[in-house]
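Throughout, residue positions are numbered sequentially from 1 according to the sequence presented. In each ligand, atom 1 is the first atom listed, and ligand 1 is the first ligand listed.
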Amino acid sequence: MKIQTLKCVAYLAALLGLAGPAHAEWVRRVTDGIMGTRITVELWSEDQQKADGAIDALLEEMRHIDDSMSTYKPSSEVSQVNAKAADGPMRISKELFDLLVTAKEYSVITDGAFDITYASVGYLYDFRQHVHPDEKQIDKALPAVNFRHVLLNPKNQTVQFSQKGVRIDLGGIAKGYSVDRGIDVLKARGFTRAYVSAGGDSRIIGDRFGKPWMVGIRDPRKGEGEVITRIPLVDAAISTSGDYERFFEEDGVRYHHIIDPHTGHSASKVRSATIIGPYATRTDGLSKTAFVLGPEKAMEIYNRIDDIDAIIVKLDGTVIYSKGIEPAPRHAPSK
Ligand code: ADP
Ligand code: MG
């Protein structure tokens, strides 16, 4: 066959979807009920069985993280820490220890806006049952909120709370972390094109054959399918926090699941914040900040961090962008 003809056959095969190994395709699975949220996995695979095995292993990893870190499970390692760490140093798993170290780093980076000890007050809220603490309860619990109360000793791999009443909750970082661990599982099995999300935290490896993945950012005041914009992404993580997740209203006050560690009240200074960066642990750990510090102060912090970008929907519905993704200003056409 002439080269020209060969090229022609290859082109036709590509058009018919026959290029590459047989049966290569996008495999997608949606699973509910891990970490109280929806897990979506999509990957490019040349072998359906291999894809199924990898997704099973990924979900297993996420279930393990849920079992170890959920505060809803009394047997979890985190629940054990909450029950005992005020009594003295407690040896914990390497995985939990490392994530507690990371969580503390985010408290420092965000001027204390991200703080896993928010739970010392946060446990008094139940957004499903529309329960919130009164001022007296908040005043009493608030002194226990401070990430500095969590004492970590790397030598012995122990955690200790410096006072009674301290509680931690990793709900603001564990989903991002589980997405990163899930991506690790896929990478270890040789997958190079995949999307993994747990609720509002997602990460992507590779592209869609020359095209980016398009990830929508939900409009905070509209239905689930309504987006304010779509972001093209390749090899990146993205997390969105919104005041429309887990909330109720009472006497004109919106109670929702992000808590200001300084006041013990819902942090309501923006409607939503989306962070784009290299890892989902990182983007998850940073997406709460805008709610606590407000759009300007938070954007200052986001702009200071080299490897992340941010999109914030302010209370009036306007959208602001970090320097790296600011839409180009419209110039008048030059004459
Ligand atoms: P999702 O749970 O859908 O990923 P977010 O990433 O916005 O949503 O995380 C919200 C969760 O973060 C809350 O449900 C709570 O567990 C936790 N959280 C609330 N306030 C804080 C805070 N100030 N610092 C750290 N974590 C917080
Ligand atoms: Mg999150």
Legend entry - Cation-pi check, R203 onto Y279 ring (under 6.0 Å, within 45° of axis):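 No; the conditions do not both hold, so R203 does not lie above the ring face of Y279.
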
Legend entry - Salt-bridge contact E42-R208 (side-chain N to carboxylate O under 4.0 Å): yes

Legend entry - Side-chain ion pair, R181 and D184, N-O less than 4.0 Å: yes

[atom]: the protein heavy-atom neighbour that sits closest, reported with distance to 0.1 Å:
{"atom": "atom 15 (C) of ligand 1", "answer": "Y118 OH, 3.0 Å"}
{"atom": "atom 6 (O) of ligand 1", "answer": "K288 NZ, 2.8 Å"}
{"atom": "atom 1 (P) of ligand 1", "answer": "K175 NZ, 3.4 Å"}

Legend entry - Aromatic centroids of H149 and F161 separated by under 6.0 Å: no

Inset, instruction - Please check if the distance between the ring centroids of W26 and W213 is under 6.0 Å. - result: yes

Inset, instruction - With D243 as reference, evaluate R218, K269, R271, R254 under the salt bridge (charged side-chain N to carboxylate O under 4.0 Å, His left out) test and give the passing residue. - result: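 That would be R254; it is the only one of R218, K269, R271, R254 passing the salt bridge (charged side-chain N to carboxylate O under 4.0 Å, His left out) with D243.
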
Inset, instruction - Indicate whether any N or O donor in one side chain lies under 3.5 Å from an N or O acceptor in the other, for S239 and T283. - result: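 Checked: S239/T283 side chains pair up, N/O donor to acceptor below 3.5 Å.
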
Legend entry - Residue list, salt bridge (Lys or Arg N to Asp or Glu O under 4.0 Å) with K164, at least two apart or on another chain: D87

Legend entry - salt bridge (Lys or Arg N to Asp or Glu O under 4.0 Å) involving D139 - partner list, sequence neighbours excluded: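 For D139 there are no salt bridge (Lys or Arg N to Asp or Glu O under 4.0 Å) partners, ignoring immediate neighbours.
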
N/O to N/O below 3.5 Å, does that happen between [X] and ligand 1?
{"X": "I259", "result": "yes"}
{"X": "E245", "result": "no"}
{"X": "A113", "result": "yes"}
{"X": "T240", "result": "no"}

Out of all atoms in ligand 1, which are within 4.0 Å of some heavy atom of [X]? Include the element for each.
{"X": "D115", "value": "22 (C), 24 (N), 25 (C)"}
{"X": "D284", "value": "6 (O)"}
{"X": "D201", "value": "4 (O)"}
{"X": "P261", "value": "23 (N)"}
{"X": "S241", "value": "5 (P), 6 (O), 7 (O)"}
{"X": "I258", "value": "7 (O), 19 (C), 20 (N)"}

Counting only heavy atoms, tell me which of [options] gets closest to [atom].
{"atom": "atom 13 (C) of ligand 1", "options": "R38, R246, H257, H256", "answer": "H257"}
{"atom": "atom 12 (O) of ligand 1", "options": "S107, G172, A174", "answer": "G172"}
{"atom": "atom 11 (C) of ligand 1", "options": "G171, G176, G242", "answer": "G171"}

Inset, instruction - Could you go through the side-chain contact (heavy atoms from CB on, under 4.5 Å) check for T31 and R63 one step at a time? - result: CA-CA 11 Å; T31 310; R63 281 193 193 97; 4.3 Å; yes

Legend entry - Shortest-distance N/O/S atom, D284 versus the Mg ion (ligand 2): OD1

Inset, instruction - Please find the N/O/S atom of D201 nearest to the Mg ion (ligand 2) and write down its name. - result: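 The Mg ion (ligand 2) is closest to the D201 atom OD2, counting only N, O or S.
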
Legend entry - Contact partition for D260 relative to ligand 1, non-hydrogen atoms under 4.0 Å: neither

Inset, instruction - Of the side chain and backbone of F114, name the one, both, or neither that has a heavy atom under 4.0 Å from an atom of ligand 1. - result: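 Looking at F114 and ligand 1, atoms from backbone and side chain both fall under 4.0 Å.
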
Legend entry - Whether Y255 and Y125 hold their rings parallel, tilted or perpendicular, with breakpoints at 30° and 60°: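 The arrangement is tilted - the two ring planes meet at 30° to 60°.
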
Inset, instruction - Give me the ring orientation class for H256 and F291: parallel if the planes are under 30° apart, tilted from 30 to 60°, perpendicular past 60°. - result: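 H256 vs F291 ring planes: tilted.
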
Inset, instruction - Compute the minimum heavy-atom distance from G199 to ligand 1 and say whether it is under 4.0 Å. - result: no

Legend entry - Single hit among D260, V145, T263 for side chain to side chain contact (heavy atoms under 4.5 Å, CB included) with V121: V145

